[in-house]
Visitor: 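Just dropping this structure here.
Bear in mind that the values here come from a model prediction, so they are computed numbers and not experimental data.
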Amino acid sequence: MEIWKHMKSGRMKIKEVLAAGKVGSELVVKGWVRSVRVGKNVTFIALNDGSCLASLQVVLDPAVPGYREICGLGTGSAVAVRGSLAESPAAGQKRELRGVELIVVGVGDESYPLQKKRHSFEYLRSIAHLRARTNTFGAVFRVRSSLAQAIHRFFAERGFLYVHTPIITANDCEGGGEMFRVTTLDMAGPPLASGKVDYSADFFGKATGLTVSGQLEGELFAQAFSDIYTFGPTFRAENSNTARHVAEFWMIEPEMAFADLMADAALAEEFFRYLCRHVLDNCCEDMDFFNDHLEKGLLERLEGVVDASFGMMEYDNAVDILKKAKAPFRYPVEWGCDLQTEHERYLTEQVVGGPLFILNYPKEIKAFYMRLNDDGRTVAAMDMLVPKVGEIIGGSQREERLDLLERRMVETGIDPSNLGWYLDSRRWGSSPHAGFGLGFERLVMYLTGMENIRDVIPFPRTPGHADF
RNA sequence: UCCCCAGUAGCUCAGUCGGUAGAGCAGGUGACUGUUAAUCACCUUGUCCGUGGUUCGAGUCCGCGCUGGGGAGCCA
C-alpha cells in the first residue's frame, strides 16, 4: 500500500500547487472530483480541494493503473493523485498535473446530488451539507473565514481586548428581541407557583435564555480594559422570515471607554473601510468570481466605499430632506418616526451617493441605554447607511449618568433592580463610552453580493428550520 | 405574523381552450476528441406537492393543507 495515501505531509494543497508549484516536480494532491472528461487516449479530471476556487486539471493516460475504473468516476468522488506538474499545452490553465497514480479514496456515484451544472440557491439550501463543495459556496465560506480573521486583526492592531460575553443570560431586557428559553425543566409538567412556571426550580434558579446581544456585558469590560470587542453567536427568537434574518447569527460589538459619538462613528468608518479593503486585497479570486457571476460591478461598489468620504447628517436634517424628496415613498416621513429601508437607501444612494452616518435620533425610537442629548429630545445614536442595503451598523454613545439612565429605564418599562450590576458601572468610575453593533452575516452579504442571509451562514437557523 | 408568487423526471423548466405529459442537463450505451460545465448519436426516468370538490374527463378550474421563494413588519 502506497504510503503517501496515508500521509498528510505528502499532500500539497491545490492553491499552493497553482501558485507556487514547480514544473517538473512530483507531488501528491487530494480532493474531490468536479468533472471527468473521458477520452480514448486521455482523460481529464477537474480536482478541487477547497483551498481555492480554481480546480487543478489532472491528466491521465490509459497507462495509469486502473484507468478504466477511473474513467467511470462520478462527480463528487474523493481521490488522491500522484503525478508531475507540467505546463499545460491547452488554454484554460497554466499548469496541470500529469497523473502517474490515482487512488479512489471515497466513491461518488451517479446519485450524488450535485451535478456539474448550475443549481438554484434554493435547491442547494436543501442540501446544505453538500453545498460547500460548489464554486459559489466555496467562495462564500472562504471569504467569511478570511473576514472573521481580518476582524480580529483589525481590533488586535488597535489594542482592543477580545471578550467572550455569556451566551446564556438572565437579562430579558437587553434589546427588544424575543429570547430563546434555556431550561432543564420538564416541559410536560413544569413546577408551578401560583399558576405560573416556577423558574426558581430551574437550573439557574431563574428564567434564562440565549443572549440577544453582548453589549451590556461588553460595556462592563470597557470600563476595565478601555477598548474591547465581542464577536460571537447571537440569538433572536423572532418569527422573521426574510432574506435578512436568521435566528442564530454572529455579531461584532466594539465598545470604547472615554469615547463619544464622534469617536464611535470614526471607528465604524475605519472598520468598514478596512474590511472592504481586506476582501479586495486578499480574496481576489473569490471576489472576481462574485463580480463575474453574482453582481456585476461589485468590485467597483466596494472600491467606491474604500475611496469615499463618509457623509454625516443629523436625523432632523434627514427628515427635512426626505419630506421634501420627490421620490414616492411607501411610508410617509415625520419627525419622530424611524427611518424605513426605502428612506435610508434614498439618503445614501440619491442624496449622498455613498456611505452616510445619521446622528442623534429621537429618544422615543431608540434603546434605553443611549445617551440623552442636551436638547432633551434626542439621543446620541448613530446609524451607518450604505448603498444597496441601508443600515449596516448601528451604535450610540451610552448614558453614563446614573440618574438619567435610571430615569430612562423606568420610562421604557425596564425595572432597574434587575440590572443592578449594569448600573454599578455608572456608580463607580463611570466614564463616557460608546460602541456599535454589526451583524457579521449582513457584512458578508454586502461584501460578496449574496442576497439571502441563509446563503452566507453554513447551516442557517430560521423559523421551522434547524436542520443539519 | 401579514401580502403576493410558485410546487411537473435526479436538477432547471415548458405544458395552449380541461382530453392522463415534454425539452435541456444529469444517468446508461457507443463514437470521437488536449478536453475545459467537452461534443455527436441512441436509450432510460414521472405519486404532475397532498387532500377534498366541480366535470364524461383535471397537471390545467375551485376550497383546504403542506413546502419553498419574494415583499412588508421586527431588526443585526
Side-chain angles (χ1 to χ4, degrees), chain A residues 33-48 54-61 71-72 74-76 86-93 96 98 108-127 130 134-135 174-178 211-215 230-253 293 330-331 338-342 344 365-367 383-384 389-395 436-446 451-457 462-465 467:
Chain A
V33 172
R34 284 289 177 82
S35 100
V36 181
R37 295 181 289 276
V38 179
K40 193 186 284 176
N41 301 314
V42 64
T43 286
F44 301 95
I45 295 176
L47 193 69
N48 189 284
S55 294
L56 176 67
Q57 172 155 284
V58 175
V59 189
L60 300 166
D61 68 52
C71 291
T75 302
E87 302 277 2
S88 180
Q93 60 283 313
E96 61 188 24
R98 303 278 165 78
D109 65 16
E110 71 283 352
S111 63
Y112 182 58
L114 289 171
Q115 295 166 16
K116 45 183 181 180
K117 61 168 247 181
R118 189 185 181 84
H119 291 285
S120 68
F121 287 149
E122 291 80 8
Y123 172 66
L124 292 171
R125 223 170 275 151
S126 73
I127 50 166
L130 297 170
T134 64
N135 285 336
E174 282 178 338
E178 278 296 306
T211 183
V212 297
S213 165
Q215 182 195 313
T230 71
F231 182 6
T234 310
F235 307 87
R236 302 278 166 90
E238 303 284 354
N239 188 16
S240 310
N241 218 321
T242 81
R244 302 182 307 282
H245 291 86
V246 277
E248 176 184 293
F249 61 99
W250 287 63
M251 190 152 64
I252 301 132
E253 296 177 291
H293 294 97
R330 190 187 166 111
Y331 293 92
D338 210 354
L339 301 182
Q340 302 292 320
T341 299
E342 60 177 348
E344 295 173 341
I365 58 172
K366 289 294 183 182
D383 283 355
M384 197 186 107
V389 301
E391 180 192 340
I392 194 156
I393 288 177
F436 63 79
L438 169 64
F440 185 48
E441 284 74 19
R442 290 189 180 174
L443 175 73
V444 176
M445 289 169 74
Y446 183 79
E451 291 189 332
N452 194 312
I453 197 167
R454 287 165 274 201
D455 296 329
V456 298
I457 188 165
T462 52
H465 298 277
D467 301 320

Visitor: Could I get the full list of ring-ring contact (aromatic ring centres under 6.0 Å, His included) partners for A:His245, not counting sequence neighbours?
Guide: none
Visitor: Without decimals, in angstroms, what is the distance between A:Arg244 CZ and B:G69 C1'?
Guide: 15 Å
Visitor: What does A:Gln57 touch in the nucleic acid at a heavy-atom separation under 4.0 angstrom: a base, only the sugar-phosphate, or nothing?
Guide: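 Touches a base.
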Visitor: Considering residues at least two apart in sequence or located in another chain, which fulfil the side chain to side chain contact (heavy atoms under 4.5 Å, CB included) criterion with A:Gln57?
Guide: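 Expected list: A:Arg37, A:Phe44, A:Val59, A:Ser88, A:Gln93, A:Glu96.
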Visitor: Base, sugar-phosphate alone, or nothing: which one does A:Ala46 contact when heavy atoms must sit under 4.0 Å apart?
Guide: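 The answer is nothing, as A:Ala46 stays clear of every strand by at least 4.0 Å.
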Visitor: Could you list all N or O pairs between the protein and nucleotides 23-26 of chain B that sit under 3.5 Å apart?
Guide:
unit_1 : atom_1 : unit_2   : atom_2 : d
B:G24  : N2     : A:Lys117 : NZ     : 3.3
B:A26  : O4'    : A:Gln115 : OE1    : 3.3

Visitor: Have a look at A:Ile393 and say if it touches a base, only the backbone sugar-phosphate, or nothing, with a 4.0 Å heavy-atom cut-off.
Guide: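 Touches nothing.
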Visitor: Under the side-chain hydrogen bond (donor to acceptor under 3.5 Å, both in side chains) test, which residues partner A:Asn135, sequence neighbours left out?
Guide: A:Arg34
Visitor: Which letter, B, S or -, goes with each nucleotide of nucleotides 41-48 of chain B from 5' to 3', with contact meaning a protein heavy atom under 4.0 Å?
Guide: --------
Visitor: Which residues pass the side chain to side chain contact (heavy atoms under 4.5 Å, CB included) test with A:Ile457, not counting sequence neighbours?
Guide: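 Counting only residues at least two positions away or on another chain, A:Ile457 forms a side chain to side chain contact (heavy atoms under 4.5 Å, CB included) with A:Arg144, A:Glu441, A:Pro460.
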Visitor: Hey, does the side-chain of A:Glu96 have a donor or acceptor N/O within less than 3.5 Å of a partner on the base of B:U36?
Guide: no
Visitor: Is A:Ser240 side chain donor-acceptor paired with the B:C75 base, going by distance under 3.5 Å alone?
Guide: no
Visitor: Please work out if A:Arg34 contacts a base, only the sugar-phosphate, or nothing of the nucleic acid, heavy-atom cut-off 4.0 Å.
Guide: nothing
Visitor: Applying side-chain hydrogen bond (donor to acceptor under 3.5 Å, both in side chains), name anything that partners A:Asp61, two or more places apart in sequence or on another chain.
Guide: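 If we apply the side-chain hydrogen bond (donor to acceptor under 3.5 Å, both in side chains) test to A:Asp61, skipping adjacent residues, there are no hits.
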Visitor: A:Phe440: which residues meet the ring-ring contact (aromatic ring centres under 6.0 Å, His included) condition with it, sequence neighbours left out?
Guide: A:Phe231
Visitor: Looking at the base of B:C75, is there any donor atom on it, or on the side chain of A:His245, that sits under 3.5 Å from an acceptor on the other one?
Guide: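 Indeed there is one.
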Visitor: Tell me what A:Ser126 touches on the nucleic acid: a base, only sugar-phosphate, or nothing, going by heavy atoms under 4.0 Å.
Guide: nothing
Visitor: With sugar-phosphate meaning primed atoms plus P, OP1 and OP2, does A:Asn41 contact a base, only sugar-phosphate, or nothing at under 4.0 Å between heavy atoms?
Guide: nothing
Visitor: Which of the following nucleotides, B:U12, B:U35, B:G70, is nearest to the side chain of A:Tyr123?
Guide: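 The closest nucleotide is B:U12.
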Visitor: Checking A:Thr43 now: which residues fulfil side-chain hydrogen bond (donor to acceptor under 3.5 Å, both in side chains) with it, not counting sequence neighbours?
Guide: A:Tyr67
Visitor: Side-chain N or O of A:Thr43 versus OP1/OP2 of B:U35: is the shortest distance under 4.0 Å?
Guide: no
Visitor: Over how many whole Å does the gap from A:Tyr112 atom OH to B:G27 atom P extend?
Guide: 13 Å
Visitor: Atom CG of A:Asn241 and atom C1' of B:U67: how far apart are they, to the nearest Å?
Guide: 12 Å
